[in-house]
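In what follows, chains are A, B, ... by sequence order, proteins preceding strands, each numbered from 1.
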2 protein chains.
Amino acid sequence: MAKRATGNAAMRKPRDPEASRADILRAATGEFAARGLDGARVDAIARRTRTTRAMIYYYFKSKEALYRAVLEEAYRGIREAEKGLDLAHLPAREAVAELVSFTFDYYHAHPEFVALVVAENQSGGRHIRRMQRIRRLNASIVDTIADVLARGQREGTLRAGVDPIELHMTIAALGWFEIANRHTFGYLFKRDFADAATVERDRARIIDVVWQYVRERGGAGADARR
Amino acid sequence: MAKRATGNAAMRKPRDPEASRADILRAATGEFAARGLDGARVDAIARRTRTTRAMIYYYFKSKEALYRAVLEEAYRGIREAEKGLDLAHLPAREAVAELVSFTFDYYHAHPEFVALVVAENQSGGRHIRRMQRIRRLNASIVDTIADVLARGQREGTLRAGVDPIELHMTIAALGWFEIANRHTFGYLFKRDFADAATVERDRARIIDVVWQYVRERGGAGADARR
DNA sequence: CGACGAACCGACAGTCCTGTCAATTCCGCT
DNA sequence: AGCGGAATTGACAGGACTGTCGGTTCGTCG
């Protein structure tokens with residue numbers, strides 16, 4: 001057996017603090033997302049890593065500090081991914097659709113992000129208030145949306161009076177619900193959110209809902225259809 | 001001091017099993033909503049009542065059974081309240097607005113309902129699946145919405161092709177987000193969801209979003225404007 | 001090659017929490 | 001009055017979990 005490996009996660013070399021830290025963070029993300037802050041067990045996190053519980057306290061000083069690190073990484077994840085969007089070259093209508101689509105798909109691909117934010121709200125937002133960089137980290141999305149709105153208004157395709165933060169909230173809300181509540185809603189109303197056709201349908205519906213909300217409404221029904 | 005009181009909650013008589021049970025249920029609702037299933041402490045629930053921890057195990061056999069009872073009551077609460085709506089005498093457009101408005105206001109007035117459902121989803125919906133009557137309990141809302149949709153289509157004010165469950169999900173999603181995520185979203189984007197003007201604005205926006213989604217779109221923009 | 005400090009580990013102390021039990025009080029009925 | 005059973009209580013057993021500590025290993029740098 002090779003004693004040294006090429007730096008991938010599965011066979012990383014021992015005494016690699018960067019990798020250990022990342023390993024713990026990854027494991028903790030899974031555990032906190034699955035069980036929440038109170039439900040998560042530091043022991044369970046340790047078992048998901050190649051290290052021990054003592055190492056977790058060595059790298060992160062407490063369970064809560066680890067949780068804050070996990071939450072910050074989660075926010076960084078979505079905001080970074082959003083920066084990969086290139087909306088500037090799209091007509092406003094398509095830019096809106098792309099933004100909605102991206103958000104919807106991101107939540108679906110990263111339910112742990114949704115779960116972590118849910119957990120934080122369950123704690124009354126006690127921890128996010130102690131995270132220094134978190135507000136600056138999240139500023140980008142509002143700018144992105146404001147840009148699209150301004151351009152669409154110049155184009156004459158989007159109406160005036162839409163607040164960027166409110167649009168962000170609307171887009172988030174529509175995509176959020178079926179991830180955050182998939183277990184209760186799915187069970188009560190027999191909706192299978194794992195089914196690909198259902199997901200497609202929901203994505204299309206949400207894009208439509210948002211479009212109907214932001215489109216310019218003055219023209220005699222020109223844009224009302226579709 | 002009077003040894004007997006008139007049966008209200010504050011001064012209920014001792015040895016009143018009905019009242020004790022209700023007292024525990026009420027206290028447990030608060031605790032589970034505030035801290036989730038794992039975060040809730042049976043001791044803390046007991047302290048919120050006029051009884052002791054042992055009584056909780058006497059009336060409900062376990063923490064989880066108590067939690068299930070609380071969750072069922074919470075669902076019953078919103079479904080019962082919905083039955084108080086009288087949508088049949090309203091034109092479909094107003095019926096939709098009333099439905100959205102009601103849902104939005106209910107979530108605002110009963111954040112503990114939102115919190116409990118959030119908690120249940122955090123547990124993967126493990127408990128709701130064991131609740132016998134819960135599905136039947138929730139059937140009413142879909143019927144209500146289906147009725148409004150059918151009537152609106154006959155009136156010619158609502159378009160065809162809107163699925164009742166999907167409309168329910170859309171309405172719920174839009175109202176849900178700002179309650180479920182008020183701490184994170186409120187902090188990150190400096191939005192005060194306790195401010196009355198903000199709430200009014202959000203209610204109006206959500207009504208508009210839903211209306212634009214369900215309205216008949218064929219007529220040349222007749223209904224597109226406000 | 002030797003020493004130093006970072007990385008790592010096993011075990012333990014202390015606390016908290018759930019669920020149970022034996023014993024007691026109280027109400028309603030005879 | 002007193003009996004039977006429901007309601008209520010305090011205390012405890014048992015288990016689980018967090019955070020810490022003393023000691024050990026290992027890479028690196030002089």
What is the distance from [atom1] of [X] to [atom2] of [N], rounded to the nearest Å?
X	N	atom1	atom2	value
Ile45(A)	dG19(D)	CD1	C1'	14 Å
Tyr67(B)	dT18(C)	OH	C1'	18 Å
Ile24(B)	dT9(D)	CD1	C1'	13 Å
Leu66(B)	dG19(C)	CG	P	10 Å
Met55(A)	dT25(D)	CE	C1'	12 Å
Arg35(B)	dC17(C)	CZ	C1'	14 Å
Asp38(A)	dC17(C)	CG	P	10 Å

Ring geometry between Phe193(A) and Phe185(A) (parallel below 30°, tilted from 30 to 60°, perpendicular above 60°): tilted
Residues in side chain to side chain donor-acceptor pair (under 3.5 Å) contact with Glu73(A), at least two apart in sequence or another chain: Arg76(A)
Does the side chain of [X] pick up a donor-acceptor pair with the side chain of [Y] at under 3.5 Å?
X	Y	result
Arg205(A)	Thr170(B)	yes
Glu178(A)	His108(A)	yes
Asn121(A)	Arg182(B)	no
Glu120(B)	His183(A)	no

dT18(C) phosphate, OP1 or OP2, under 4.0 Å from Arg41(B) side-chain N/O: yes
Side-chain N or O of Tyr57(B) closer than 4.0 Å to phosphate OP1/OP2 of dT20(C): no
Quiz item: cation-pi between Arg135(B) and Tyr187(A), 6.0 Å / 45°: yes
Selection: residues 58-65 of chain B, any non-hydrogen atom under 4.0 Å of DNA chain C: Lys63(B)
Reported OG1-to-CZ distance for the pair Thr51(A) and Arg21(A), which is rounded to 0.5 angstrom: 12.5 Å
Evaluation steps, ring pair (Phe, Tyr, Trp, His ring centres under 6.0 Å), between Phe113(B) and Tyr75(B): CA-CA 7 Å; Phe113(B) 168 70; Tyr75(B) 271 112; 5.5 Å; yes
Nucleotides 10-12 of chain C: which of its N/O atoms have a protein N/O under 3.5 Å away?
none

Sugar-phosphate only, base, or nothing, as touched by Ala40(A) at under 4.0 Å among non-hydrogen atoms: sugar-phosphate
Candidates dA7(C), dT18(D), dC9(C) - which lies nearest the side chain of Thr51(A): dC9(C)
